[in-house]
Amino acid sequence: MIVVFDAQCLLCNGWVQFLLKHDKQGIFQFAAIQGEVGGKLLADAGLRLEGLQTLLLVDGKRSWQHTDAILRVLHALGWPWRLTALFRLVPAALRDALYRLIARNRYRWFGKSEQCLMPDPAVAARFLD
C-alpha cells in the first residue's frame with residue numbers, strides 16, 4: 001500500500017513518522033505529492049496537485065481519500081489501531097468535513113517546510129521518490 005502525502009506539510013510529515021514507528025510489518029510505502037511517483041498516483045486517482053486537500057492511499061488499482069484513507073491505514077496497523085473503525089459509525093460527510101477543515105489550514109496551524117522530508121537511511125527504501 002502506498003501513502004501519498006504532502007512532504008512540505010509538517011502535520012503530514014508527522015503522520016508519516018507515526019506510520020514508520022507503528023508499521024512493524026513494513027506494509028506501507030510512501031510517495032510525496034511533490035515527487036514524480038506521487039504526482040502520477042494523484043493523476044491516476046483523478047486528483048490535481050493544485051489545491052489538493054487530501055491524503056491518498058493506493059492499493060493496486062484502488063485508492064481512498066480523506067478519512068476513508070486514514071481509517072484504512074490505521075486498520076492495517078492492527079491492534080489497538082483497529083479500534084478506530086468505530087469512527088465509521090460517524091457519517092463520512094461529517095468526518096470528511098472536519099478532515100477538509102484541518103487540511104485547508106494545515107500549513108497555518110502546523111507549519112510548512114520549504115524542504116521535503118528526508119527519510120532516515122534505515123527506511124529510505126520505503127520512499128518511492
Side-chain angles (χ1 to χ4, degrees):
M1 284 191 253
I2 303 170
V3 175
V4 183
F5 70 104
D6 180 350
Q8 292 181 320
C9 168
L10 296 182
L11 174 63
C12 303
N13 283 327
W15 172 244
V16 170
Q17 293 302 324
F18 170 85
L19 293 177
L20 288 169
K21 178 179 178 182
H22 295 285
D23 180 15
K24 304 296 185 200
Q25 298 175 359
I27 296 169
F28 297 105
Q29 293 182 300
F30 304 93
I33 63 173
Q34 293 85 357
E36 187 177 326
V37 173
K40 180 168 179 357
L41 290 169
L42 287 179
D44 290 348
L47 300 171
R48 292 189 337 235
L49 181 57
E50 302 81 34
L52 185 70
Q53 295 181 359
T54 187
L55 168 89
L56 180 66
L57 175 65
V58 179
D59 188 7
K61 293 186 184 268
R62 298 190 66 195
S63 64
W64 297 269
Q65 301 174 36
H66 302 94
T67 57
D68 281 341
I70 290 173
L71 292 173
R72 283 190 176 276
V73 166
L74 291 171
H75 187 267
L77 291 178
W79 182 259
W81 307 110
R82 286 191 173 175
L83 289 174
T84 60
L86 293 173
F87 284 106
R88 291 203 183 276
L89 297 174
V90 176
L94 293 176
R95 293 190 323 251
D96 290 346
L98 176 60
Y99 181 99
R100 284 189 298 276
L101 173 69
I102 294 168
R104 273 193 311 273
N105 294 288
R106 69 189 184 275
Y107 294 142
R108 186 173 344 139
W109 294 347
F110 301 99
K112 179 179 180 178
S113 173
E114 294 306 315
Q115 294 181 306
C116 291
L117 169 74
M118 295 301 293
D120 182 276
V123 295
R126 294 177 66 185
F127 288 79
L128 302 176
D129 282 322

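Small disclaimer: the values here were computed from a predicted structure and weren't measured.
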Can you sort out the partners of [X] under side chain to side chain contact (heavy atoms under 4.5 Å, CB included), two or more places apart, ordered by chain and number?
| X | result |
| --- | --- |
| Asp23 | Gln25, Ile27, Phe28, Leu77, Arg126 |
| Glu36 | Asp129 |
| Ile102 | Leu11, Leu98, Trp109, Phe110 |
| Trp79 | Leu83 |

Would one find more than 12 heavy atoms of other residues, nucleotides or ligands at under 6.0 Å from atom CZ of Phe18?
yes
Test side-chain contact (heavy atoms from CB on, under 4.5 Å) applied to Phe87 and Ile70, step by step
CA-CA 11 Å; Phe87 284 106; Ile70 290 173; over 6 Å; no
Rounded to the nearest 0.5 Å, what separation is found between the CG atom of Leu74 and the CZ atom of Arg82?
11.0 Å
About how many Å separate CZ of Arg108 and CZ of Arg106, when rounded to the nearest 0.5 Å?
11.5 Å
Mark yes or no for whether Gln29, through its side chain, and Leu128, through its backbone, hold a donor-acceptor pair below 3.5 Å.
no
Is a side-chain N or O of Lys24 found less than 3.5 angstrom from the main chain of Lys21, in a donor-acceptor match?
yes
Using the side-chain contact (heavy atoms from CB on, under 4.5 Å) definition, which of the options Asp6, Val73, Leu20, Leu10 pairs with Trp15?
Val73
Quick note, side chain to side chain donor-acceptor pair (under 3.5 Å) partners involving residues 84-99, not counting sequence neighbours, are Thr67-Arg95, Thr67-Asp96, Asp68-Arg88, Asp68-Arg95
What is the minimum heavy-atom distance between Gln34 and Ala7, and which atoms define it?
OE1-N, 3.1 Å
Shortest non-hydrogen separation from Leu56 to Gln65 and the atoms involved:
CD1-CG, 3.9 Å
Which residues share a salt bridge (Lys or Arg N to Asp or Glu O under 4.0 Å) with Asp44, sequence neighbours left out
Lys40
Can Arg72 and Asp59 be counted as an ion pair, charged N to O under 4.0 angstrom?
no
Quick check on the hydrophobic clustering: are Leu71 and Leu57 connected, directly or via other members, by side-chain heavy-atom contacts under 4.5 Å?
no
With a 4.5 Å cut-off on side-chain heavy-atom distances among I, L, V, M, F, W and Y, is there a chain of contacts connecting Leu101 to Val90?
no
Any donor-acceptor pair under 3.5 Å linking the side-chain atoms of Asn13 with those of Gln8?
no
